[in-house]
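Let me begin by presenting the structure, written as structure tokens, before commenting on it.
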Amino acid sequence: MADTIFSKIISREIPANILFEDDQALAFADVNPQAPTHFLVIPKKPIPKLSDATREDQALLGHLLLVANNVAAEQGLTDFRLNVNNGAGASQTVFHLHIHVLGGRPFSWPPG
Ligand code: DGP
């Protein structure tokens, strides 16, 4: 997989406001926030998009959800939205799997 901007955030080649890190995952503030709180949770493993994940990634994917929940709680969020864009047609622009976590404002349904 080609290096993305997110691999450079993992390696600290480019700076980010990092909210959480462990051996498997990183959470950092989105540079273009769409809500008062907007952060991304990514695996350190460079999976380009959700549809590239396999059974081998099952525990990792569960871990990312728990990280999202824990960081949301740390940020004081009770109601929040998770979003995963899978593929260019779904507005994915960075091809390193990431979960958007947004909170701090009301959200409508369906999303745009
Ligand atoms: P997506 O459209 O789902 O691929 O979302 C990519 C998100 O990544 C987008 O909301 C903006 C964010 N982003 C892109 N480049 C950077 C960066 O260099 N730093 C940070 N913190 N976020 C970035």
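Counting starts at 1 for both ligands and their atoms, in listed order.
The ligand atoms of ligand 1 that sit less than 4.0 angstrom from a heavy atom of I9 are 19 (N). Counting atoms of ligand 1 from 1 in the listed order, those under 4.0 Å from a heavy atom of N85 are 1 (P), 2 (O), 3 (O). Heavy-atom proximity to H100, at under 4.0 Å, picks out these atoms of ligand 1: 1 (P), 3 (O), 5 (O), 7 (C), 10 (O).
Proximity of I9 to F28: side-chain heavy atoms (C-beta onward) are separated by under 4.5 Å at one or more points. Counting heavy atoms from C-beta outward, L19 and E74 have side chains that stay 4.5 Å or more apart.
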Subject >> Step-by-step side-chain contact (heavy atoms from CB on, under 4.5 Å) determination, H63 to D22 >> reply: CA-CA 11 Å; H63 182 65; D22 67 10; 2.6 Å; yes
Original post:
Given the rule in the side-chain contact (heavy atoms from CB on, under 4.5 Å) test, do L77 and T37 qualify, once you have shown the distances and angles that lead to the verdict?
Top reply: CA-CA 8 Å; L77 301 178; T37 301; 3.9 Å; yes
**OP:** Any chance you could lay out the side-chain contact (heavy atoms from CB on, under 4.5 Å) test for D57 and L97, step after step, and finish with the verdict?
**Re:** CA-CA 12 Å; D57 301 312; L97 173 63; over 6 Å; no
**OP:** Verify side-chain contact (heavy atoms from CB on, under 4.5 Å) between I10 and H96, making sure each step is shown before the conclusion.
**Re:** CA-CA 11 Å; I10 293 169; H96 182 125; 3.7 Å; yes
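In this structure, L40 has a heavy atom closer than 4.0 Å to ligand 1. Put simply, no part of K8 is less than 4.0 Å from ligand 1, judged by heavy atoms. The shortest separation from a heavy atom of Q34 to ligand 1 is not under 4.0 Å, leaving the residue out of contact.
If you check which protein heavy atom lies closest to atom 2 (O) of ligand 1, you get S91 O, 2.7 Å. Among all protein heavy atoms, the one lying closest to atom 8 (O) of ligand 1 is F6 CZ, 3.4 Å. Looking only at protein heavy atoms, the nearest one to atom 1 (P) of ligand 1 is H98 NE2, 3.1 Å.
Between A29 and ligand 1, a contact under 3.5 Å exists for at least one N or O pair. Checked by distance only, ligand 1 and H38 stay at 3.5 Å or farther apart across all their nitrogen or oxygen atoms. At least one N or O atom of V94, backbone or side chain, sits closer than 3.5 Å to an N or O atom of ligand 1. The shortest N or O to N or O distance between V31 and ligand 1 is below 3.5 Å. The shortest N/O to N/O separation between Q92 and ligand 1 does not fall below 3.5 Å.
Considering CD1 of I42 and OG of S7, their distance stands at 7.5 Å, rounded to 0.5 Å. Annotation: the span from L40 atom CG to L102 atom CG amounts to 8.5 Å, rounded to 0.5 Å.
Residues N85 and S91 bring no donor and acceptor atom of their side chains to less than 3.5 Å of each other. Looking at E13 and S11, their side chains do bring a donor and an acceptor atom within 3.5 Å of each other.
Between H38 and H100, the two ring planes are tilted [angle within 30° to 60°].
The proximity of N83 to ligand 1, defined as any non-hydrogen pair under 4.0 Å, does not occur for either the backbone or the side chain. For I5, every heavy-atom contact with ligand 1 shorter than 4.0 Å involves the side chain, none the backbone.
Selection from N17, T93, D30 by nearest heavy atom to atom 10 (O) of ligand 1 gives D30.
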